[in-house]
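Quick notes on the structure that follows.
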Amino acid sequence: MLIQLKTKNPIASSEITDKKIYQQRRKFLKYSAYSLSTLTATSFMATAFASRTSRAKMAKVQASEWQVAKQEWTSYEDATSYNNYYEFGLGKDDPKANSQNFKPSPWSVTVEGEAEITGTFDLEDILSYQVLEERVYRFRCVEAWSMVIPWVGFSLAALLRRYQPTSKAKYVEFTTLYDPKQMPGQKRAVLDWPYVEGLRIDEAMHPLSLMVVGMYGEWLPNQNGAPLRLMVPWKYGFKNIKGIVKIRFTERQPKTTWNASAPNEYGFYANVNPKVDHPRWRQAKERRIGDPWYASKRKTLLFNGYAEEVAGLYSGMDLTKFF
Ligand SMILES: Nc1nc2c(c(=O)[nH]1)N[C@H]1C(S)=C(S)[C@@H](COP(=O)(O)O)O[C@H]1N2
Ligand SMILES: [Mo]
């Protein structure tokens, strides 16, 4: 696939760095006739997901590329059954169990705030302008577990630019659907619903920031945030808001849900940093979901391994203070 190089060292191939992503992607865009990256979202839909349940068709398109480091990816089963999505319950297996009747389509997204173009747009319309690609990213939850997941999505920057943010747009805020009938977890006040997350505009515009609509070559399962969720791979998992219905450009830093609920535990930035412990546990190591019970924990990497690409966003900031 576009995001993986065939390296001699099979371990290296498991930790797909972004330089490789860029190099490989560039190559791929030039030479490939079959990649997702050459398809618009609508044709991706049409070819791969004529039926929402069809993984097989997608697998055919990608089979050869998928072999490379497949054994290093978190299994589809783990990634879709060990979830955090409090709208569907607090247990790791609640989101899958309780989201089966959730309706991810039709879906629309409202764009508000400091932008020339605002309004409510059908997701299908949004997707018709975007090029889907697959990106294999490390994913690190603040709870000290991690996964490696092949997401399918499109550049967040490309999406945001279409609305022409004004010079006052310093931040972007994202909001999850509020619908307690469909999302039973919202009947309990465990968080201040709806779930809100946000990024500084330059973080949002960074080429690694991805709007996700699929994983493992199929549409997002409901428990993983269908039909639209964020993936910012150098930040803790809770930044990656699911079920997005609103995007708002703001001048002020958005009030984000986890930060508001426990400001000393969950920062607005939430950049993965092995040296900044959570007040209740250490962050230096992580448990990779799927590793055997006897495997030792893995070292957590600064910016989740994406420091080369993103450290510049935070030059001059005290990363222990702005956590
Ligand atoms: N709306 C919403 N988005 C959310 C959450 C949530 O509870 N509600 N949980 C977050 C957390 S803590 C994590 S670790 C990731 C989990 O994503 P996954 O289940 O796809 O692995 O989603 C994030 N996005
Ligand atoms: Mo998380």
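Worth knowing before you read on, the calculation uses all heavy atoms, side chains too, and leaves out hydrogens, waters and symmetry mates. Atoms within a ligand are numbered from 1 in the order they appear, just like the ligands themselves. Start at 1 with the first residue, then count along the sequence. None of the values given here were measured: they were computed from a predicted structure.
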N/O to N/O below 3.5 Å, does that happen between [X] and ligand 1?
X: W258; value: no
X: N240; value: yes
X: Y82; value: no
X: Y86; value: yes

Which residue and atom name correspond to the protein heavy atom nearest [atom], and how close is it?
atom: atom 9 (N) of ligand 1; value: N84 O, 3.2 Å
atom: atom 18 (P) of ligand 1; value: K242 NZ, 3.3 Å
atom: atom 8 (N) of ligand 1; value: E87 OE1, 2.7 Å

Is a side-chain donor-acceptor pair under 3.5 Å present for [Y] with [X]?
X: R140; Y: S146; answer: no
X: Y86; Y: R188; answer: no
X: W234; Y: N271; answer: yes
X: S108; Y: T120; answer: no
X: T300; Y: E286; answer: yes
X: N84; Y: K92; answer: yes

### Query
In this structure, are over 12 heavy atoms from other groups packed under 6.0 Å from N264 atom CG?
yes

Counting from 1, what ligand 1 atoms have a heavy atom of [X] closer than 4.0 Å?
X: N224; answer: 18 (P), 20 (O)
X: I241; answer: 3 (N), 24 (N)
X: C141; answer: 14 (S)
X: T176; answer: 1 (N)

#### Entry: Heavy-atom nearest option to atom 16 (C) of ligand 1, drawn from W151, F139, F88
F139

### Query
To the nearest 0.5 Å, what is the distance between CG (D78) and CH2 (W145)?
10.5 Å

### Query
Measuring from the heavy atoms of R229, does anything fall under 4.0 Å of ligand 1?
yes

### Message
Just to be sure I read this right, does ligand 1 sit under 4.0 Å from the backbone of Y195, its side chain, both, or neither, counting only heavy atoms?
### Response
side chain

### Query
Does the gap between the ring centers of Y314 and F303 come in under 6.0 Å?
yes

